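In what follows, a single structure is set out as structure tokens and then discussed.
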Amino acid sequence: MDRKIAIVTGGARGLGKTIVGKFVQNNIFTVIVGRDKKKLDETVAGFPGMTDSIICDLSNLSCIPALVNDIAKKYQHIDILVNNAGIHLKKDLLEVSDEEFQQVILTNLTSVFTLSREVARLMIRQRQGCILHISSMAAHYGIPKVIAYTAAKAGIEGMTRSMAVELSPSGIRVNCLAPGFINTDMSAAALNSDPERKHKVLSRTPMGRLGTPEDVANAAFFLVSDAAAYITGAVLPVDGGNLIGF
Ligand code: NDP
């Protein structure tokens, strides 16, 4: 039990990959879950001996119990789960089909519940563990054209509080990061095609810049570390003040 074992979903690129790097730097062995074998292999090769990967499409919920069992068998314990994987859909509300809405909810919310439930079963037996969700500014104010994403991220924040209360007696902490506008592929796709939105984002961010993946990874590491031992059920904005910007 000397070395901590973490799972980071969607850890082969974007924010997830930077979180993996931060964990590895701090001697946390990290199992990365994603769909893209090539990206997973490249990422694992970049952190020799400190990472492993498992291919899994998390929107296929029936695969999740076996995924967790396999990791538990191989590594005996799971200390940290970071539910980072997510998809984005930017479209006028009237154009979003029921199937598209369901797919975003399935990937960004339902799979987070299912994976957390399965990992919590093990963490309850261990009497310790940390679960970290990733939400978004979309959960805090009304952003047009991201209806399904907003619904999912608002759900994540509610689930953070409910899970934290229910799992606290078992020694499990559950927290959530709410990144503001961070410079990644996902945000570039949403902002670079829409200069007006980009201007709006920056003009209401008191720190006047987009966040870096490192800003998010540092906060993620803090929340799963012993330095945050008395913090549970919290939603921490990592947003350069965007949430309180005037
Ligand atoms: P990216 O699009 O760069 O990465 C998303 C990751 O999620 C990929 O590694 C992808 O893996 C994985 N993923 C997506 N769907 C599935 C699935 N069905 N099963 C398994 N893995 C999946 O996103 P970001 O790094 O920008 O975002 C990471 C998280 O942070 C998301 O939850 C996002 O909502 C949130 N966030 C991001 C912000 C930003 O500004 N970037 C702001 C606020 C929140 P694969 O490539 O293998 O499919």
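Bear in mind the structure is a predicted one, so any value in this text is a computation, not a measurement. FYI, side chains are in, hydrogens and waters are out, and symmetry mates aren't considered; it's all heavy atoms of this structure. First listed ligand is number 1; within each ligand, the first listed atom is number 1.
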Which atoms of ligand 1 are found less than 4.0 Å from any heavy atom of [X]?
| X | result |
| --- | --- |
| Ser187 | 40 (O) |
| Thr184 | 26 (O), 39 (C), 41 (N) |
| Ile134 | 30 (O), 35 (C) |
| Ile87 | 14 (C), 15 (N) |
| Asp57 | 17 (C), 18 (N), 19 (N) |
| Ser59 | 18 (N) |
| Gly14 | 3 (O), 25 (O) |

Within the side chain of [X], is there an N or O that forms a donor-acceptor pair under 3.5 Å with the backbone of [Y]?
| X | Y | answer |
| --- | --- | --- |
| Asn26 | Ile28 | no |
| Ser162 | Gly158 | no |
| Ser136 | Ala139 | no |
| Arg209 | Gly240 | no |
| Ser225 | Phe222 | yes |
| Asn183 | Thr212 | no |
| Thr30 | Thr51 | no |
| Asn175 | Ile231 | yes |

Is any side-chain N of the basic residue among Glu157 and Lys153 closer than 4.0 Å to the acidic one's carboxylate O?
->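 Answer for the salt bridge query: no.
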Considering only NZ, NE, NH1 and NH2 on the basic side and carboxylate oxygens on the acidic side, decide whether Asp194 and Lys145 come within less than 4.0 Å.
-> no
Check for me whether [X] has a heavy atom closer than 4.0 Å to any atom of ligand 1.
| X | value |
| --- | --- |
| Thr9 | no |
| Ala138 | no |
| Arg13 | yes |
| Met137 | no |
| Gly180 | yes |

Polar-atom distance check: Thr107 versus ligand 1, any N or O pair below 3.5 Å?
-> no
Distance-only N or O hit between ligand 1 and Ile182, under 3.5 Å = yes
Using a 4.0 Å heavy-atom cut-off, say whether Lys153 meets ligand 1 through its side chain, its backbone, both or neither.
->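 Side chain only; the backbone of Lys153 stays clear of ligand 1.
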Logged contact type for Ser135 with ligand 1, heavy-atom cut-off 4.0 Å, is backbone
Looking only at heavy atoms, what is the nearest atom pair of Ile78 and Ala72, with distance?
-> CD1-N, 4.4 Å
[atom]: which protein heavy atom is closest, and how many Å away?
| atom | value |
| --- | --- |
| atom 33 (C) of ligand 1 | Tyr149 OH, 3.5 Å |
| atom 5 (C) of ligand 1 | Gly86 O, 3.6 Å |
| atom 37 (C) of ligand 1 | Leu15 CD1, 3.7 Å |
| atom 21 (N) of ligand 1 | Ala85 CB, 3.7 Å |
| atom 23 (O) of ligand 1 | Met186 CE, 3.4 Å |
| atom 45 (P) of ligand 1 | Arg35 N, 3.8 Å |
| atom 19 (N) of ligand 1 | Leu58 N, 2.9 Å |

side-chain contact (heavy atoms from CB on, under 4.5 Å) with His133: of Leu109, Ile156, Asn84, only one passes, and it is Ile156
Tell me, please, whether Tyr141 has Arg204 positioned over its six-membered ring: NZ or CZ under 6.0 Å from the ring centre and within 45 degrees of its axis?
-> yes
Closest to atom 20 (C) of ligand 1 among Gly10, Cys56, Gly211 (heavy-atom distance) |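 Heavy atom nearest to atom 20 (C) of ligand 1 belongs to Cys56.
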Selection from Val104, Val8, Val33, Asn84 by shortest heavy-atom distance to atom 32 (O) of ligand 1 =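 Comparing heavy atoms across Val104, Val8, Val33, Asn84, the nearest one to atom 32 (O) of ligand 1 lies in Asn84.
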Without hydrogens or angle criteria, can the side chains of Asp41 and Thr43 be said to hold a donor-acceptor pair below 3.5 Å?
-> no
Answer with yes or no whether the side chains of Lys22 and Asn218 bring together a donor and an acceptor at under 3.5 Å.
-> yes
